[in-house]
Peer 1: 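I have a structure I would like to understand better, so I am pasting it below and will then ask my questions one at a time.
Sequence lines set the chain letters: A, B, ... in the order given, protein chains first and strands last, and positions in each chain run from 1.
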Protein chains: 2
Amino acid sequence: MSAPNPRPDAGPDSKARLRLWLKLLKATRTVESGLRENLRTEFASTLPRFDVMSALARNAGGLKMSELSGLLKVSNGNVTGIIERLVEDGHVLREPVPGDRRANRVRLTRKGEEEFTRQAARHEAWVDDLLGALDADEARTITATLDRILTEGKS
Amino acid sequence: MSAPNPRPDAGPDSKARLRLWLKLLKATRTVESGLRENLRTEFASTLPRFDVMSALARNAGGLKMSELSGLLKVSNGNVTGIIERLVEDGHVLREPVPGDRRANRVRLTRKGEEEFTRQAARHEAWVDDLLGALDADEARTITATLDRILTEGKS
DNA sequence: GCCTAAACCTTTAAGCTTGAAATATACTGA
DNA sequence: TCAGTATATTTCAAGCTTAAAGGTTTAGGC
């Protein structure tokens with residue numbers, strides 16, 4: 001009489017999960033907003049650009065466009081535009097992939113590496129400040145729990 | 001010798017906080033992406049539109065544009081465009097504010113209310129599913145901890 | 001070799017987002 | 001009154017984002 005269908009409707013814990021989702025969203029947007037503001041005023045840059053440079057910094061050999069969009073979980077067309085602007089800035093370089101004329105490999109220039117090093121140091125300090133209400137143990141605990149959303153994803 | 005400056009650099013817990021931030025971002029984007037996809041395919045709508053309708057549903061008397069952008073923590077120009085499209089859809093109504101010809105009050109139409117009711121039920125079920133890896137207690141714990149990021153924000 | 005499917009990437013259209021400038025209205029204090 | 005300031009909103013330019021469509025190139029049967 002109570003739950004006729006397997007999973008078309010919300011379960012008994014749905015309210016707690018809904019509240020978590022709203023809080024998650026608000027917290028993320030608050031931090032994002034702070035970071036965006038800082039990137040804009042201190043480096044005249046943006047969060048998407050920083051994310052791309054961060055991915056490239058972790059992969060010194062460069063990445064294909066498709067690897068980049070896969071890592072960042074954004075659409076492929078999206079990456080095209082961001083890279084375009086990073087190339088204009090001289091932070092990123094496109095080079096052909098030997099043996100596959102469809103693909104491009106993209107990597108940081110020397111200038112891009114230096115710029116990213118500066119930005120990454122400040123970025124870490126900003127995050128440290130924005131999440132300063134939580135101590136290291138709390139941070140690790142939430143990190144682990146959030147990870148289960150990603151790894152135990154249903155359907 | 002170790003920490004010459006008060007807070008220009010990252011503190012000792014900064015790595016844990018940085019990892020938390022990256023996880024927070026990834027989890028949020030994953031859930032957002034699922035919700036966006038569902039809203040698109042089931043309702044031909046978007047997350048920003050849902051958010052606006054949700055705010056209006058909670059305020060039956062309507063909201064001024066500035067109240068709306070304040071609640072949603074987005075720029076005022078942003079709300080203008082979203083409302084514009086919701087008005088086209090017949091979901092939202094603009095009306096003058098008596099005594100202040102600068103302001104508009106905005107509220108759901110009957111059609112908008114009915115549509116939101118349908119969407120909200122599905123939305124709750126989607127969230128329930130996307131966050132299904134966590135039980136109610138875990139959800140409440142993280143919610144409370146995340147809240148401290150918002151309420152104990154520094155600087 | 002040839003042909004189809006797949007992979008890689010860009011382009012496009014539509015919409016979201018911001019910060020800043022522009023408009024219009026309201027208020028406040030000489 | 002009237003100037004100056006504050007408030008409410010829109011407009012604008014730039015950039016981000018997606019999904020879908022388009023163009024190339026590669027890979028796999030046959």
Peer 1: Over all strands shown, is A:Ser66 touching base, sugar-phosphate only, or nothing at heavy-atom distances under 4.0 angstrom?
Peer 2: sugar-phosphate
Peer 1: For a salt bridge (Lys or Arg N to Asp or Glu O under 4.0 Å) check, start with the C-alpha distance between B:Arg40 and B:Glu37, then their side-chain angles and the critical distance, and finish with the verdict.
Peer 2: CA-CA 5 Å; B:Arg40 189 177 58 84; B:Glu37 166 80 2; 3.0 Å; yes
Peer 1: Can we say B:Arg110 and B:Glu114 salt-bridge, meaning some charged N sits less than 4.0 Å from an Asp/Glu carboxylate O?
Peer 2: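 Salt bridge flag = yes for B:Glu114 with B:Arg110.
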Peer 1: Nearest whole Å is fine: how far is C:dA14 P from B:Glu84 CD?
Peer 2: 15 Å
Peer 1: Counting primed atoms plus P, OP1 and OP2 as sugar-phosphate and everything else as base, spell out the protein contacts along nucleotides 14-20 of chain D at 4.0 Å heavy-atom distance: B, S or - for each nucleotide, 5' to 3'.
Peer 2: -SSSBSS
Peer 1: For B:Asp147, run the salt bridge (charged side-chain N to carboxylate O under 4.0 Å, His left out) check against A:Arg19, A:Lys23, A:Lys26 and tell me which one passes.
Peer 2: A:Lys23
Peer 1: Closer than 4.0 Å, any side-chain N/O of B:Lys64 to the OP1 or OP2 of D:dA8?
Peer 2: yes
Peer 1: Nearest-Å distance, CG (A:Leu68) to P (C:dC9)?
Peer 2: 10 Å
Peer 1: Nearest whole Å is fine: how far is C:dT10 P from A:Ile83 CD1?
Peer 2: 9 Å
Peer 1: Side chains of B:Leu63 and B:Arg107: closer than 4.5 Å at any heavy-atom pair?
Peer 2: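 No. Closest side-chain heavy atoms not under 4.5 Å.
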Peer 1: Output the rounded distance in Å from CE (A:Met65) to C1' (D:dT24).
Peer 2: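 My rounded result for the distance is 15 Å.
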Peer 1: Taking the side chain from A:Ser54 and the backbone from A:Phe50, do they hold a donor-acceptor pair closer than 3.5 Å?
Peer 2: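 No.
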Peer 1: Is the backbone N or O of B:Ala133 less than 3.5 Å from a side-chain atom of A:Arg148, with the two atoms forming a donor-acceptor pair by type?
Peer 2: yes
Peer 1: Write down the distance between CZ (B:Phe50) and P (C:dC16), rounded to a whole number of angstrom.
Peer 2: 15 Å
Peer 1: Between A:Asn59 (side chain) and A:Gly61 (backbone), is there a donor-acceptor pair under 3.5 Å?
Peer 2: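 No: the side chain of A:Asn59 does not pair with the backbone of A:Gly61.
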Peer 1: Whole-Å distance between C:dT10 C1' and A:Arg94 CZ?
Peer 2: 9 Å
Peer 1: Tell me whether A:Thr28 contacts the main-chain N or O of A:Leu25 through its side chain, where contact means a donor paired with an acceptor under 3.5 Å.
Peer 2: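 No.
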Peer 1: Can you give one letter per nucleotide of nucleotides 22-29 of chain C, going 5' to 3': B for a protein heavy atom under 4.0 Å from the base, S for sugar-phosphate only, - for none?
Peer 2: ---BS---
Peer 1: Judged by atom type as modelled, is there a donor-acceptor pair below 3.5 Å linking the side chain of B:Arg17 to the main-chain atoms of A:Leu134?
Peer 2: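 Yes, the answer is positive, given that a donor and an acceptor are paired below the 3.5 Å cut-off.
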